[in-house]
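Shown next, in structure tokens, is the structure this report addresses.
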Amino acid sequence: MIDTTWIARARIAVVSTIGILIAALVTWRVQTGFSMADAVLIAVLTLPLLIALPRLLAGHRRTYAWMSLAVAPFLVVAITEAVANPVGRAWAGLCLVVAFLLFVLLIAYLRVTRERA
């Protein structure tokens, strides 16, 4: 049997982590000197997350599944910046940790809510 309390908490954790990830990305890019390229990067990375929010809150499993793929660009940008940019390494590390946490939460939600045969 699926515990509905855990599922509700998992949804809140996922949405909160998305908010933290977006806030960390925006803060990181603003502190390192905001440019038009940064605005485009933020828009491209966050648009899938914002589009998915209503369906995440509604508990649609397919949205949780494809959201795990939408986290991959955050991981790529954070790893690249952590390796290539010593000045932004702390912010890149923070975004990397939060993106990985979001990925784990999405997979955990899918594992808990799957249908048992």
Side-chain angles (χ1 to χ4, degrees):
M1 176 174 246
I2 300 172
D3 183 17
T4 56
T5 304
W6 194 94
I7 293 172
R9 287 181 182 166
R11 283 186 196 150
I12 292 169
V14 166
V15 172
S16 300
T17 306
I18 288 172
I20 293 168
L21 183 59
I22 292 171
L25 176 68
V26 170
T27 305
W28 169 27
R29 301 318 298 174
V30 166
Q31 281 194 348
T32 59
F34 194 74
S35 66
M36 189 59 159
D38 290 328
V40 170
L41 177 70
I42 290 168
V44 167
L45 289 177
T46 60
L47 190 61
L49 303 178
L50 296 175
I51 289 172
L53 272 178
R55 294 187 57 91
L56 287 172
L57 289 170
H60 294 276
R61 291 189 81 244
R62 283 188 160 188
T63 306
Y64 282 85
W66 72 258
M67 276 294 296
S68 64
L69 298 173
V71 175
F74 278 97
L75 296 170
V76 170
V77 168
I79 289 171
T80 303
E81 288 293 321
V83 171
N85 185 7
V87 175
R89 199 164 279 160
W91 283 105
L94 175 66
C95 284
L96 183 62
V97 168
V98 175
F100 185 69
L101 175 65
L102 177 58
F103 181 78
V104 168
L105 288 171
L106 290 166
I107 299 302
Y109 181 87
L110 290 170
R111 298 278 306 219
V112 168
T113 59
R114 71 179 171 198
E115 299 292 323
R116 305 277 190 226

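The first residue in the sequence is number 1, and the count goes up from there.
The two atoms that bring Leu105 and Ala13 nearest to each other are CD1-O, 3.8 Å, heavy atoms only. When all heavy atoms are compared, the tightest approach of Leu75 to Ala99 is CD2-CB, 3.6 Å. Considering every non-hydrogen atom in both Pro48 and Ala70, the closest pair reads CB-CB, 4.1 Å.
Cluster annotation: Leu25 and Phe34 are assigned to the same hydrophobic cluster (Ile/Leu/Val/Met/Phe/Trp/Tyr, side-chain heavy-atom contacts under 4.5 Å, transitive). Leu53 and Val44 end up in different hydrophobic clusters when Ile, Leu, Val, Met, Phe, Trp and Tyr side chains are linked at under 4.5 Å. Under the 4.5 Å side-chain contact rule for hydrophobic residues, Val76 and Leu45 do not share a cluster. Ile20 is not connected to Leu47 by any chain of hydrophobic side-chain contacts under 4.5 Å among Ile, Leu, Val, Met, Phe, Trp and Tyr, and they are in different clusters.
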If you apply the rule side chain to side chain contact (heavy atoms under 4.5 Å, CB included), what do you find for Asn85 with Trp91, and how did you get there?
CA-CA 10 Å; Asn85 185 7; Trp91 283 105; over 6 Å; no
Item to complete: Just do the side chain to side chain contact (heavy atoms under 4.5 Å, CB included) check on Thr27 and Val30 with the steps written out, would you?
Response: CA-CA 5 Å; Thr27 305; Val30 166; 5.9 Å; no
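Looking at Leu94 and Trp28, their side chains never come closer than 4.5 Å, going by heavy atoms from C-beta outward. Taking the side chain as every heavy atom from C-beta outward, Arg11 and Leu56 never approach each other to under 4.5 Å. Side-chain contact between Leu102 and Phe74: absent, with no pair of heavy atoms (C-beta onward) separated by less than 4.5 Å. Residues Ile18 and Ile22 meet the side-chain proximity criterion, which asks for heavy atoms closer than 4.5 Å. With a 4.5 Å cut-off on side-chain heavy atoms, Thr113 and Tyr64 do not count as touching.
Taking a 6.0 Å sphere around CZ of Arg9, one finds it holds 12 or fewer heavy atoms contributed by other residues, nucleotides or ligands.
A distance of 10.0 Å separates CD1 in Ile79 from CZ in Phe100, rounded to the nearest 0.5 Å. Atom CD of residue Glu81 and atom CZ of residue Arg29 lie 5.0 Å apart, to the nearest 0.5 angstrom. To the nearest 0.5 angstrom, Leu106 atom CG is 10.0 Å from Leu69 atom CG. To the nearest 0.5 Å, the span separating CD1 on Ile7 from CD1 on Ile12 amounts to 12.5 Å. For the atom pair OG1 of Thr46 and CD1 of Ile51, the computed distance is 9.5 Å after rounding to the nearest 0.5 Å. Distance check, rounded to the nearest 0.5 Å: CG of Leu57 to OG1 of Thr63 gives 10.5 Å.
One N or O on the side chain of Ser68 and one on the backbone of Ala65 form a donor-acceptor pair closer than 3.5 Å.
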